[in-house]
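Computed from a predicted model, the values in this text were never measured in an experiment. Side chains are part of it too, since the values below use all heavy atoms of this structure and drop only hydrogens, waters and symmetry mates. We name chains A, B, ... by the order of the sequence lines, and we start the count at 1 in each one.
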Amino acid sequence: MNIHEYQGKSILESFGVSIQRGKVADTPEAAHAAAMDLTKETGTEWFVLKAQIHAGGRGKGVVTETGSHGVVLAKGLDEVKGKAEGILGGHLVTAQTNDQGKQVHKILIAEDVYYPGDSEPEEYYMSVLLDRATGKNIIMYSPEGGMDIEAVAEKTPHLIFKEEVDPAVGLQGFQSRRIAFNLGLSGQGFKQMVKFSQALYAAYLGCDAAMFEINPVLKTSDDKIIAVDSKVSLDDNALFRHKDYATMRDTSEEDATEVEADEAGLNYVKLDGNVGCMVNGAGLAMATMDIIKLSGGEPANFLDVGGTADAARVEKAFRIILKDPSVKAILVNIFGGIVRCDRVAQGVVDAYKNMGNVDVPIIVRLQGTNAVEAKQIIDDSGLEVRSAILLKEAADAVADVLA
Amino acid sequence: MSVLVNRDSKIIVQGFTGGEGTFHAGQMMEYGTNVVGGVTPGKGGQTHLDRPVFNTVSEAVAATGADVSIVFVPPAFAADALMEAADAGIKVIVAITEGIPVADMVKVKAYIDQRDCTLIGPNCPGIITAGQAKVGIMPGFIFEPGVVGIVSKSGTLTYEAVDQCTKAGLGQTTAIGIGGDPIIGTTTKEAVQLLMADDETKGIVMIGEIGGDLEVQAARWIQENGTKPVVGFIAGVTAPKGRTMGHAGAIVSGEDESAEAKKRVMRECGIHVVDSPADIGSKMAEVLAGVTA
């Protein structure tokens, strides 16, 4: 589950990671009030306004309606309201969004941390993630902070460092010291960075994160180390241990149909094609999408109905697929192992009748337990449904209806 | 010969008395699998499905000599159950449970790596040696004893490949469902190595999907060490980058994790890659006919 920057920072702070402080607001007036409070608490006189959307590249991104960037600096309280108006409610287009962009419902008003002082501020990059190849967590970091890390990896790979964590003992002190040395720190900044990486890793484990990316991590002019941005993704499978995080989900960031499918227990991902599909099992679902492509179509979705494909679920799945006006045909592909195909076939027939007018051709391929009986049920139903048993037959039928 | 499990394997079921455990243990026994008992903490001493129930895996091993365990324990307690099995000396641990937190599996993997046992899964359909032992949730009736070994990340897509091999008259030796999670015990390469060393297996079907680099590792090993033909399929050519497609591990994070990239490497390594999953069985038949001719 992805969460917003302000939510990620609140989690980091709860585990003792020092962050750039800020307050969230959903109207220009609230932004002004938040800025006033923030000055009282932190003494900051300048403010950074940051659009809260689930996508990176906000600083360079542009709000379609106003031309404002997604991250702007207000040099004084009097500028906050006007600059907030330029972002809130608009659609922010960044390198990571589509052309429509994402509507901004909230902004974070953050303290200015680039104030002048005894030393120059320095930006670093740090992330924590799972290395799938080893099954161990790693901390990846670089002195090249504040820029696109993929570009750094390409141009200056020697400036990206990795620290692998032994699951039995956790992140050790020598590892945190190595991180701070490799980042070129000394004195107070060094001490603070050792503390920072320790707290960051503790937070990663403590909140059951799937990924942390802090870009930039900042050394301030007075040698504090703080997280200026936070990209935090949580492990969905571990949310049962963190009931309080469940409320951080922002469904407005997700496709509305995907949210509806999720509530019905269907695993659905919307795609841009013209042939819908309904399949049991994730691997077979992906393979079915690939077959649609090989047959001359483009998959309109990924949909795993799971192990119980009864009439109610099948109907819900049909309704969800048909919400997409570009769907010109639907391929149902069920391999009945424990589920019996004749039950699924009856489910398809009942769902079809319940829905009344289905005006796109449907191809139903049922294989496995009672496949022959299932085909009979479909063929006898008198409905405009084509049946198949072999995968090849189903592929041919798709090519046929698209022709 | 066969790999991992056979008719002499002594199998216990962890999470034996729960709904899933009860149903699938029953199906396994119906297939002829040698299920010798089960474990449900607090229910030791009872009898379930005519088999003894134990409080701990150690007790079950001491009483029955069990060497294989299949785990249906719910996600919140699954990691603990897997480590208990390893601690008790179980040699092959099959984790069916879907939805185990990644942080838990990081610990389990480190724990298992230090012990003399093999973990299959989690989030997998299990293992079956056709005609001998079904330690999983796959439909038994589609399998026929034969010559093809199957390695796959997916459940129903495995059944598809099995069914095609059966219909092509080839049958199967052992099918290993390694699971679709980001962290799994036995990798594609390790499963392929087991089947490569098995005398009865004449050809191998390797089914993968987007995400990670397990198939690429396996392909490189096959290029250097392969002694039998391998037919490969990778699901997800049409999957968009950055989206999780059902399985927690099925996500394209970088270019080399895409289906096309994996297929390219597999072809370079001499694997017979099919673009359509409908062609797995016929390709294997064709390749094996070429080998014997």
Side-chain angles (χ1 to χ4, degrees), chain A residues 96 130 132-137 150 165-168 204-205 208-210 235-241 267 269 271-273 279-295 298-299 302-304 307 333-339 367-369 390-396, chain B residues 23-24 27 75-76 98-107 109-111 113 125 137-139 141-142 152-160 163-164 167 180 182-184 207 209-214 217 233 235-240 243-250 259 275-279:
Chain A
Q96 292 182 16
L130 172 74
R132 286 175 62 165
T134 60
K136 291 173 183 165
N137 293 323
E150 283 172 8
V165 184
D166 183 334
Y204 184 84
L205 293 185
D208 273 303
D235 179 5
D236 293 323
N237 286 344
L239 284 177
F240 69 86
R241 290 200 278 244
N267 201 333
V269 177
L271 303 169
D272 298 329
V279 189
N280 65 332
L284 190 59
M286 273 187 278
T288 304
M289 286 159 47
D290 297 347
I291 282 192
I292 289 170
K293 174 127 181 149
L294 288 169
S295 303
E298 287 288 340
F302 166 95
L303 197 160
D304 177 6
N333 186 12
I334 304 285
F335 200 106
I338 308 303
V339 246
Q367 172 66 292
T369 316
L390 294 179
L391 198 49
K392 216 164 187 54
E393 295 167 359
D396 293 344
Chain B
F23 177 76
H24 289 292
Q27 297 276 314
E98 177 178 1
I100 303 177
V102 175
D104 294 8
M105 281 310 301
V106 169
K107 289 182 196 154
K109 177 129 178 111
Y111 190 87
D113 280 350
I137 59 173
M138 58 291 272
F141 73 95
I142 58 172
S152 171
K153 275 185 180 173
S154 147
T156 45
L157 187 53
T158 311
Y159 311 160
E160 184 67 54
D163 189 57
Q164 289 176 26
K167 291 208 164 80
I183 297 184
I184 52 174
I207 299 172
E209 60 193 28
I210 55 168
D213 71 342
L214 293 183
Q217 287 177 27
F233 173 74
V237 169
T238 50
R243 294 297 307 266
T244 302
M245 307 303 277
H247 291 148
D275 287 317
S276 167
D279 298 337

Side chain, backbone, both or neither: which part of [X] has a heavy atom under 4.5 Å from chain A?
X	value
B:Glu160	both
B:Tyr159	both
B:Phe23	side chain
B:Leu214	neither
B:Thr244	backbone
B:Ile207	neither
B:Gln164	side chain

Non-hydrogen side-chain atoms of [X] and [Y] separated by less than 4.5 Å:
X	Y	answer
B:Thr238	A:Ile292	no
A:Asn237	B:Pro75	no
B:Asp279	A:Lys392	yes
A:Arg241	B:Asp104	yes
B:Ser276	A:Asp290	no

Would you call A:Lys136-B:Asp113 a salt bridge at under 4.0 Å N-O? no

Output the option from A:Leu271, A:Asp208, A:Asp304, A:Thr369 having the highest count of non-hydrogen pairs under 4.5 Å with chain B. A:Thr369

Which atom of A:Gly283 lies closest to which atom of B:Leu157, heavy atoms considered: O-CD2, 3.7 Å

Minimum heavy-atom separation for B:Phe141 to A:Gly368, with atom names? CZ-C, 3.6 Å

Side chain, backbone, both or neither of A:Ala168 within contact of chain B (heavy atoms, under 4.5 Å): neither

At a heavy-atom distance under 4.5 Å, which candidate from B:Gly212, B:Ala259, B:Ala239 has the highest pair count against chain A? B:Gly212

Can you list everything that forms a side-chain hydrogen bond (donor to acceptor under 3.5 Å, both in side chains) with A:Asn267? Sequence neighbours excluded, please. none

